[in-house]
Amino acid sequence: MEYTVKKNSANRIAMRVLGIIFLLIAVARFAVVVSSNEHKNVILTVILCAGGITYGAYLIIQTMKAQAYDITYVFGDKTMTLKLHRREKKFDYREISDLGYVVPNENMDYSIVQIYIGKEQYLLPFVGKSEVGQALYGMLKIKKEEAEKNEG
């Protein structure tokens with residue numbers, strides 16, 4: 001089985017632009033405070049500038065992660081392959097540390113399958129295909145149990 005989670009590139013670009021704006025404003029304000037002879041609220045301004053720089057860098061770094069791009073999940077018999085933006089990752093089903101199945105609203109045909117592999121969390125949303133999400137969750141649960149049995 002193969003499933004692709006599409007990500008909107010406009011959101012990624014907007015977050016990068018917002019991060020750059022935070023960085024530019026913080027650096028410009030910091031330069032003004034350092035170069036001027038004004039000694040009022042210097043510490044507060046430096047703290048706010050550091051916060052702006054940190055938040056801007058955080059936004060930019062988050063948009064560079066693999067989860068910010070389209071991910072294609074290929075579920076095989078023994079392994080699961082993630083086709084990421086620039087590479088592929090293969091995982092054995094026993095590497096899955098936890099699985100989750102979330103139905104945010106019972107009245108809507110929407111569900112989410114959560115896959116935890118190490119520190120990474122992968123979300124597979126199923127809009128209008130809740131039964132497919134439930135079937136995938138059941139399959140992953142069975143494959144994970146089989147892989148753990150064969151290991152031990």
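Reckoned from all heavy atoms, side chains included, excluding hydrogens, waters and symmetry mates. The shown structure was predicted, so the numbers you read here are calculated from the model rather than taken from an experiment.
- Remark: D77 CG is loosely packed, at most 12 non-hydrogen atoms of other residues, nucleotides or ligands lying under 6.0 Å away.
- A heavy-atom distance below 4.5 Å is not found between the side chains of F126 and I112.
- K144 meets the side-chain hydrogen bond (donor to acceptor under 3.5 Å, both in side chains) test with E148; sequence neighbours excluded.
- Cluster annotation: V132 is connected to Y73 through the hydrophobic network of ILVMFWY side chains, with a link wherever side-chain heavy atoms come within less than 4.5 Å.
- Taking every heavy atom of both residues into account, S111 and P104 meet most closely at CA-CD, 4.4 Å.
- Side-chain contact check for L82 versus T72: every heavy-atom pair is 4.5 Å or farther apart.
- With sequence neighbours excluded, the residues that form a side-chain contact (heavy atoms from CB on, under 4.5 Å) with K141 are L99, Y137, E145.
- Residues L48 and V33 do not share a hydrophobic cluster, clusters being chains of Ile/Leu/Val/Met/Phe/Trp/Tyr side chains in contact below 4.5 Å.
- In this structure, L124 CG and I115 CD1 are separated by 5.0 Å, a value rounded to the nearest 0.5 Å.
- Counting heavy atoms of neighbouring residues, nucleotides and ligands inside a 6.0 Å radius, atom NZ of K90 does not exceed 12 of them.
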Checking T81 against F91 for the side chain to side chain contact (heavy atoms under 4.5 Å, CB included) test, could you report, in this order, the C-alpha distance in whole Å, the side-chain angles of both residues, the deciding distance, and whether it holds?
CA-CA 6 Å; T81 304; F91 296 104; over 6 Å; no
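- Linking Ile, Leu, Val, Met, Phe, Trp and Tyr residues whenever their side-chain heavy atoms come within less than 4.5 Å places I117 and V113 in a single cluster.
- In the hydrophobic clustering, I43 connects to I47, either directly or through intervening members, whenever side-chain heavy atoms lie under 4.5 Å apart.
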Take L84 and K89 through the test side chain to side chain contact (heavy atoms under 4.5 Å, CB included) and record every step on the way to the result.
CA-CA 8 Å; L84 303 169; K89 284 185 177 180; 3.9 Å; yes
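- Connectivity analysis of hydrophobic side chains (ILVMFWY, heavy atoms under 4.5 Å, direct or indirect) links V32 to nothing; its cluster partners are none.
- Side-chain contact between Y93 and K78: absent, with no pair of heavy atoms (C-beta onward) separated by less than 4.5 Å.
- Between the side chain of E95 and the backbone N or O of D92 there is at least one donor-acceptor pair closer than 3.5 Å.
- Looking at residues two or more places apart in sequence or on another chain, you find no ring-ring contact (aromatic ring centres under 6.0 Å, His included) involving F30.
- Between the R29 side chain and the T45 main chain, no donor and acceptor come within less than 3.5 Å of each other.
- Qualifying salt bridge (charged side-chain N to carboxylate O under 4.0 Å, His left out) partners for D70, counting only residues two or more places apart in sequence or in other chains: none.
- Between Y122 and I71 there is a side-chain heavy-atom pair separated by less than 4.5 Å.
- Y69 is not listed as a side-chain neighbour of K7, based on a closest heavy-atom distance of 4.5 Å or more.
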For residues 17-25, please give each side-chain donor-acceptor pair under 3.5 Å, one per line with the distance, not counting sequence neighbours.
none

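- Remark: R86 engages no residue in a side-chain contact (heavy atoms from CB on, under 4.5 Å) (not counting sequence neighbours).
- Applying the side-chain contact (heavy atoms from CB on, under 4.5 Å) test to E131 and every residue at least two apart in sequence or in another chain returns D109.
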Identify every side-chain donor-acceptor pair in residues 50-65 under 3.5 Å, counting partners at least two apart or on other chains, and give the distances.
unit_1: T54; atom_1: OG1; unit_2: A50; atom_2: O; d: 2.7
unit_1: T63; atom_1: OG1; unit_2: R16; atom_2: NE; d: 3.0
unit_1: T63; atom_1: OG1; unit_2: I60; atom_2: O; d: 2.7

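- With a 4.5 Å cut-off between side-chain heavy atoms of Ile, Leu, Val, Met, Phe, Trp and Tyr, the cluster of I142 takes in none.
- With sequence neighbours excluded, the residues forming a side-chain contact (heavy atoms from CB on, under 4.5 Å) with Q121 are Q114, Y116, L123, listed by chain and number.
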